[in-house]
Amino acid sequence: MSAPRAAIVTGGTGALGRAVVKRLLAGGTRVGVSYRRADEWRSLQAEAGADAPLFSFEADLAHASRAADFVARAPERLGALDAVAVGGG
């Protein structure tokens with residue numbers, strides 16, 4: 001099976017989600033990450049590097065409308081989604 005080309009990760013700024021994001025990026029995957037705290041997003045972004053194919057979306061996924069917005073906007077930025085990793089929300 002080949003690596004996904006585009007994926008979204010909820011909870012991508014937490015410890016587990018961050019590890020998933022890094023693994024996906026290392027495999028060449030474009031990754032969308034939802035986050036609640038801008039400082040955690042900036043930290044992840046800095047670790048990944050300026051050229052990393054990351055899409056960020058500020059959202060508390062406990063609110064269904066924000067989760068739907070994230071899922072709807074991700075393909076606009078990343079192309080067709082191949083994978084979803086649920087680490088939070």
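As the structure is a prediction and not an experimental result, all values here were calculated from the model. Heavy atoms only: backbone and side chains are in, while hydrogens, waters and symmetry mates are out.
Checked against side-chain contact (heavy atoms from CB on, under 4.5 Å), Arg23 has no partners two or more places apart in sequence or in another chain. Not counting sequence neighbours, the partners of Glu40 by the side chain to side chain donor-acceptor pair (under 3.5 Å) test are Thr13, Arg37. Residues passing the salt bridge (charged side-chain N to carboxylate O under 4.0 Å, His left out) test with Arg36: none are found, sequence neighbours excluded. With sequence neighbours excluded, no residue satisfies side-chain contact (heavy atoms from CB on, under 4.5 Å) with Ala68. Residues meeting the side-chain contact (heavy atoms from CB on, under 4.5 Å) test with Pro53, sequence neighbours left out: Leu25, Arg30. Residues forming a salt bridge (charged side-chain N to carboxylate O under 4.0 Å, His left out) with Asp69 (at least two apart in sequence, or on another chain): Arg66. Listed by chain and residue number, Val9, Leu24, Ala85 satisfy the side-chain contact (heavy atoms from CB on, under 4.5 Å) test with Val20 (two or more places apart in sequence, or in another chain).
When side chains are defined from C-beta on, Phe70 counts as touching Ile8, because their heavy atoms get closer than 4.5 Å. A heavy-atom distance below 4.5 Å is not found between the side chains of Val84 and Thr10.
Atom CZ of Arg5 sits about 9.5 Å away from atom OG1 of Thr29, to the nearest 0.5 Å.
Between Gly12 and Val21, the closest heavy-atom pair is O-CG2, 3.9 Å. Nearest approach of Ala80 to Ala6, heavy atoms of both residues: O-CB, 3.3 Å.
The cluster map of Ile, Leu, Val, Met, Phe, Trp and Tyr, joined by side-chain heavy atoms under 4.5 Å apart, puts Val86 and Phe55 in the same cluster.
Listed by first and then second residue, the ring pair (Phe, Tyr, Trp, His ring centres under 6.0 Å) pairs that reach into residues 4-54 are Tyr35-Trp41, sequence neighbours excluded. Listed by first and then second residue, the side-chain hydrogen bond (donor to acceptor under 3.5 Å, both in side chains) pairs involving residues 70-81 amount to none (not counting sequence neighbours). Among pairs with a residue in residues 9-22, those fulfilling salt bridge (Lys or Arg N to Asp or Glu O under 4.0 Å) read Arg18-Glu47, Lys22-Glu47, at least two apart in sequence or across chains.
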Show every donor-acceptor pair shorter than 3.5 Å between a side-chain atom in residues 57-65 and any protein atom, with sequence neighbours excluded, or say none if there are none.
{"from": "Asp60", "atom 1": "OD1", "to": "Ala62", "atom 2": "N", "distance (Å)": "3.0"}

